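Okay, structure first, notes after.
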Amino acid sequence: MSLDIDYYELLECERTADDATLKASYRKLAMKYHPDRNPGCQDSEARFKAINEAYEVLKDPQKRAAYDRFGKSMPQGGFGGHADFGDIGDIFESIFGSAFGGGGRQQRGPARGADLRYDMEIRLEDAFSGCVREIQVDVAARCDACDGSGARPGTSTHRCTTCGGHGKVRAQQGFFMVERTCPHCQGSGEVITDPCDQCHGEGRVDRRKTLTVNVPAGVDEGTRIRLSGEGESGARGAAPGDLYIFLHIARHRLFEREGTTLFTRAPISFTTAALGGCITIPGLDGRKHDITIPAGIQSGKQLRQRGAGMPVLNGRGNGDLVIQIDVETPTKLNAKQKELLEAFRETETGDECPASQGFFGRIKEMWDDLTE
Ligand SMILES: [Zn+2]
Ligand SMILES: [Zn+2]
């Protein structure tokens with residue numbers, strides 16, 4: 001039973017209305033048509049449901065954009081759902097419970113607070129060592145004025161007149177008498193007749209909270225950290241939701257990471273490649289790793305430093321550091337160096353570079369075959 005009226009009309013707002021305007025109008029209208037204020041009035045109840053449906057869509061930027069484009073035929077359930085956790089900010093259920101056309105969802109009392117998502121970027125160094133971060137989040141927190149009850153201070157909730165405080169109502173449905181959760185009080189048996197000024201009967205208000213997040217060593221892109229009970233406060237004393245921290249690892253100038261393995265590419269001079277040597281790679285913890293370059297190393301060769309990679313999340317030990325060697329051919333030789341290399345070339349027999357010798361040997365054989 002849904003009123004087929006444009007959502008903006010239902011909320012008595014322009015299509016260009018901002019979030020605050022929509023919210024204010026929604027609150028005013030929800031109070032006006034609330035079934036508690038209009039006992040037994042079918043029209044009010046239908047209007048109340050429709051207003052909630054409209055606000056549910058328009059308060060969400062993605063759903064609102066979809067509604068603006070497609071109207072009510074907008075795609076259901078697919079609003080970039082990856083970012084959603086359950087019923088984020090489901091005000092309808094939060095304030096008034098889920099009994100009105102709740103799609104058969106059985107729930108007693110006000111809904112648990114919504115889960116929230118917070119995206120946090122950290123450096124690879126922080127993922128390596130673990131870190132502690134303070135974050136500030138704006139969440140709906142328990143209203144101090146009414147202590148979360150939603151009732152104006154000094155007043156109390158009243159016994160629900162619809163169900164007489166039983167929390168259940170009976171209705172004739174065809175030949176049957178069915179019992180269902182009271183739509184008036186959502187089964188609690190009590191209703192707010194005089195809502196709190198501060199929270200408009202919601203039992204919670206938006207508040208900025210500072211939270212400390214402990215990021216353990218070894219976290220990766222997409223690791224989630226759950227702060228239990230730090231999500232939205234539940235309506236009228238219901239349990240709060242959780243806050244999920246989604247971690248993102250910033251790109252590092254030197255290292256790439258795959259699982260617990262750290263990769264880096266190290267260009268070395270052709271003399272070091274030929275003669276062998278040592279290079280020093282800084283670890284993410286500031287430790288230095290001296291890497292021995294064996295004489296005659298080729299480009300593309302990977303050297304592995306065991307245990308110098310990322311730590312295992314919630315485990316023991318570290319992965320490996322893998323260094324890929326790139327031999328760099330010199331491009332800026334001075335006269336002296338050219339002379340020395342020319343002299344070196346004079347001494348070459350071909351045995352110094354077996355791969356080249358083999359290759360040119362095969363070319364020569366091919367020529368000989370062709371000119372036979
Ligand atoms: Zn309050
Ligand atoms: Zn009731």
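When a ligand or atom number is given, it counts from 1 through the structure's own listing order. Given the structure is predicted, the values throughout are model-derived calculations rather than measurements. Count residues from 1 along the sequence.
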>> For the Zn ion (ligand 2), which protein N/O/S atoms fall under 2.8 Å? Skip waters.
In response: Cys160 SG, Cys163 SG, Cys182 SG, Cys185 SG

> Between Glu365 and Arg362, does at least one N-O distance fall below 4.0 Å, as a salt bridge requires?
Replying inline: no

> side chain to side chain donor-acceptor pair (under 3.5 Å): which pairs involve residues 246-255, sequence neighbours left out?
Replying inline: Asp119-His248, Glu125-His252, Glu221-His248

>> Between Glu352 and Gly350 (side chain of the first, backbone of the second, donor and acceptor by atom type, cut-off under 3.5 Å), is there such a pair?
In response: yes

>> Do Phe263 and Ile291 sit in one hydrophobic cluster, given that two such residues count as connected whenever their side-chain heavy atoms are within less than 4.5 Å of each other, even indirectly?
In response: no

> Going only through I, L, V, M, F, W and Y residues with side-chain contacts under 4.5 Å, is there a path from Tyr26 to Tyr8?
Replying inline: yes

>> Please determine whether a side-chain nitrogen of the Lys or Arg among Arg226 and Asp115 lies less than 4.0 Å from a carboxylate oxygen of the Asp or Glu.
In response: no

> Under 3.5 Å, side chain of Asp147 to main-chain N/O of Ser149, donor-acceptor pair present?
Replying inline: no

> Does Arg142 offer a backbone N or O that forms a donor-acceptor pair with the side chain of Arg207 under 3.5 Å?
Replying inline: yes

> What pairs with Glu179 under side-chain contact (heavy atoms from CB on, under 4.5 Å), at least two apart in sequence or on another chain?
Replying inline: Lys168, Arg170

> Around the Zn ion (ligand 1), what protein N, O or S atoms are found below 2.8 Å?
Replying inline: Cys143 SG, Cys146 SG, Cys196 SG, Cys199 SG

